[in-house]
Amino acid sequence: MKPAQFTYHRPASLAEALALLRTHGSSAKSLAGGQSLGPMLNMRLARPDHLVDLNDLIELDSVRVSDDMVEIGALTRHHRVANAPELRRSLPLLSAAAASIGHYAIRQRGTIGGSLAHADPAAQLPLIAVTLGASLVIAGLQGTRNVVAADFLQSIMTVDLRDGELITALRFPLPVGGFWAFEHFSRRHGDFAIVSVALNFAQDADGKIDALRLGLGGVDTVPLRLPEIEARAQGRPADEDTIRELAAATASAIAPEDSAQVPASYRRRLAETLVIRAFQSALNREEGA
Ligand SMILES: Cc1cc2nc3c(=O)[nH]c(=O)nc-3n(C[C@H](O)[C@H](O)[C@H](O)COP(=O)(O)OP(=O)(O)OC[C@H]3O[C@@H](n4cnc5c(N)ncnc54)[C@H](O)[C@@H]3O)c2cc1C
C-alpha cells in the first residue's frame with residue numbers, strides 16, 4: 001500500500017520543527033529514521049496530514065560523555081550507538097544492545113529518539129534506558145522537561161509525549177559497575193526479541209554482587225526493571241546457586257500474557273534461561289572489557 005496524502009515539511013532548526021508541530025498539533029507526525037513510521041504510513045496505520053522530517057537537525061545527532069553521565073542526541077542512529085568508541089567504553093551495555101537491532105540497513109537509519117518514542121515493548125533501547133535509569137530531554141515551545149524513561153514509557157506504543165513536543169536527547173547515568181550483559185532470543189536473526197534481559201552490576205572486594213540493575217523486555221507492555229530481584233542479589237556471591245535462584249525468582253516475578261504465537265509459560269521459561277545466560281556472560285567477560 002501507499003501512504004495517504006500528507007504535506008511534507010523539512011525544518012532546518014529545532015525551533016522551526018517545534019513551531020510546525022505546534023501549528024499542526026495532532027495532525028502532524030515527526031519523522032526520524034522512518035523504520036517504524038514508514039511501514040505504519042504505508043499500511044495507513046498512521047495518517048498524518050503533516051509530516052515533519054527531523055533529518056536536517058544534525059545537532060541532535062550527538063554523543064557527549066561527561067564525568068557522571070552520557071548524553072545522546074535523539075537523532076543518533078543505532079549504528080553510531082553500537083559503534084562509537086566513546087559509547088562502547090562508557091556504556092558498553094547500550095552499544096551491545098544497539099548492535100543487535102534488526103539488520104544493518106535498519107541500524108543505519110533508525111534513531112534512539114525514534115525507538116523510545118515508538119515504544120515497542122520488545123525493543124532494545126527502551127529496555128536499556130529503563131535498566132540503567134536513563135531520562136529523556138523533551139522540548140516544546142514552552143521549554144524543556146526531563147522525564148525518567150520508566151515513566152515516559154506508559155504502555156505498548158504509548159508514551160508521555162504531548163502534541164508539539166520532541167525528544168531531543170537521552171541522558172544515561174554511568175554504569176554502576178563493570179559487569180554487564182544483554183541477552184535476547186528471537187525466532188530468526190534480526191527479528192524483534194521474544195524476551196530480552198539486560199543487567200549491570202559491580203562486585204565488592206569479596207566478590208559479592210553489588211548494585212545490580214536487572215531489566216526485562218518482551219514480558220509486559222513496557223520494559224520492566226525488577227527492584228525486588230535486585231535487592232535480593234545484594235551482597236550475595238555471584239555463584240551458580242545464587243544465579244539460578246535469582247533466575248527462578250525472576251520467572252516468578254513476571255506476569256507475561258499468552259499470545260497466539262507465544263504462551264506465557266514459554267516467555268517465563270525464556271526469562272529464566274536468559275537471566276542465567278546474562279550473569280554467565282557478564283562474569284565471563286573481563287571487568288571493564
Ligand atoms: C524490519 C525491521 C526490523 C526491526 N527490528 C528491530 C529490533 O529488532 N529491535 C528494535 O528495537 N527495533 C527494531 N526495528 C525498529 C527500529 O529500531 C526503528 O528504527 C525504531 O523503532 C524507530 O526509530 P526511527 O528513528 O526509525 O523512528 P521513526 O520510524 O521515524 O518514528 C517512529 C515514531 O517515533 C516518533 N519520533 C521519532 N523521532 C522522534 C523524536 N525525536 N521525538 C518525538 N517523537 C519522535 C515518530 O513520530 C513516530 O511516531 C525494526 C524495524 C524494521 C523495519
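Atoms within a ligand are numbered from 1 in the order they appear, just like the ligands themselves.
- Of the heavy atoms in H103, none comes closer than 4.0 Å to ligand 1.
- Close approach of ligand 1 to K29 (heavy-atom distance below 4.0 Å) involves ligand atoms 47 (O), 49 (O).
- With ligand atoms numbered from 1 in the order given, ligand 1 contributes 11 (O) to contacts under 4.0 Å with heavy atoms of A123.
- Applying the ring pair (Phe, Tyr, Trp, His ring centres under 6.0 Å) rule to pairs touching residues 221-258 yields nothing, sequence neighbours excluded.
- Here's the thing with G33: one of its N/O atoms is less than 3.5 angstrom from an N/O atom of ligand 1.
- At the shortest separation from atom 1 (C) of ligand 1 among protein heavy atoms lies I106 CD1, 3.4 Å.
- What you find for E16 and P11 is that their closest heavy atoms are OE2-CA, 3.5 Å.
- Salt-bridge check for D61 with R80: passed, with a basic side-chain N closer than 4.0 Å to an acidic carboxylate O.
- Looking only at heavy atoms of the protein, atom 38 (N) of ligand 1 is closest to A32 CB, 3.4 Å.
- Annotation: G110 places no N or O atom under 3.5 Å from an N or O atom of ligand 1; distance criterion only.
- Side-chain contact check for L270 versus I194: some heavy-atom pair is nearer than 4.5 Å.
- The shortest heavy-atom distance from L116 to ligand 1 is not under 4.0 Å.
- Residues D49 and H24 form no side-chain contact, since every pair of their non-hydrogen atoms from C-beta on lies 4.5 Å or further apart.
- With A28, S30, S115, A119 as candidates, the residue nearest to atom 47 (O) of ligand 1 on a non-hydrogen basis is S30.
- Hydrophobic clustering, defined by side-chain heavy atoms of Ile, Leu, Val, Met, Phe, Trp and Tyr closer than 4.5 Å, groups I156 together with M157.
- Among all protein heavy atoms, the one lying closest to atom 6 (C) of ligand 1 is F192 CZ, 3.4 Å.
- Any N or O atom pair closer than 3.5 Å counts here, and L166 shares no such pair with ligand 1.
- Interface of L161 with ligand 1, defined as ligand atoms under 4.0 Å from a residue heavy atom, comprises 43 (C), 44 (N).
- Nearest to atom 27 (O) of ligand 1 among the protein's heavy atoms is G114 CA, 3.5 Å.
- The part of A74 lying near ligand 1 is the side chain, judged by heavy-atom distances below 4.0 Å.
- Closest to atom 11 (O) of ligand 1 among all protein heavy atoms lies Q124 OE1, 3.0 Å.
- Within the set H118, R107, Q35, the minimum heavy-atom distance to atom 51 (C) of ligand 1 is found for Q35.
- A heavy-atom distance below 4.5 Å is found between the side chains of Q142 and R22.
- Contact of the S66 side chain with the E71 side chain is not registered, since no non-hydrogen atoms from C-beta on lie closer than 4.5 Å.
- Under the 4.5 Å side-chain criterion, counting only non-hydrogen atoms from C-beta, L54 is in contact with L166.
- With a 4.5 Å cut-off on side-chain heavy atoms, K29 and L37 count as touching.
- Each of L136, I128, V81 was compared with L170 under the side chain to side chain contact (heavy atoms under 4.5 Å, CB included) criterion, and only L136 meets it.
- Within ligand 1, counting atoms from 1 as listed, the ones closer than 4.0 Å to a heavy atom of A117 are 34 (O), 35 (C), 36 (N), 44 (N), 45 (C).
- Under 4.0 Å from ligand 1, not a single heavy atom of T168 appears.
- Between E59 and L14, the closest side-chain pair of non-hydrogen atoms falls below 4.5 Å.
- The distance from ligand 1 to the heavy atoms of G102 drops below 4.0 Å at these ligand atoms: 5 (N), 6 (C), 7 (C), 8 (O).
- For a threshold of 3.5 Å applied to N or O pairs, the pair formed by T111 and ligand 1 contains at least one separation below that value.
- In summary, the atoms of ligand 1 found under 4.0 Å from a heavy atom of L37, numbered by their order in the structure, are 28 (P), 29 (O), 31 (O).
- Protein heavy atom nearest atom 21 (O) of ligand 1, with residue, atom name and distance: S36 OG, 2.8 Å.
- Assignment of G34 to the shell around ligand 1 is supported, since a heavy atom sits closer than 4.0 Å.
- Atoms of ligand 1 found under 4.0 Å from any heavy atom of I101, numbered from 1 in the order shown, are 6 (C), 7 (C), 9 (N), 10 (C), 12 (N), 13 (C), 17 (O).
- Between Y266 and F185, the angle of the ring planes goes over 60°, which puts this pair in the perpendicular group of the 30/60° scheme.
- With no hydrogens or angles considered, no side-chain donor-acceptor pair links N284 and S281 at under 3.5 Å.
- At least one side-chain heavy atom of I209 sits under 4.5 Å from a side-chain heavy atom of F279.
- Distance from atom 41 (N) of ligand 1 to its nearest protein heavy atom, with residue and atom name: I167 O, 3.0 Å.
- When only non-hydrogen protein atoms are considered, atom 17 (O) of ligand 1 lies nearest to H78 NE2, 3.0 Å.
- Every N/O-N/O distance between L31 and ligand 1 stays at or above 3.5 Å.
- In the hydrophobic clustering of ILVMFWY residues, with side-chain heavy atoms under 4.5 Å counting as a link, I167 and L20 come out apart.
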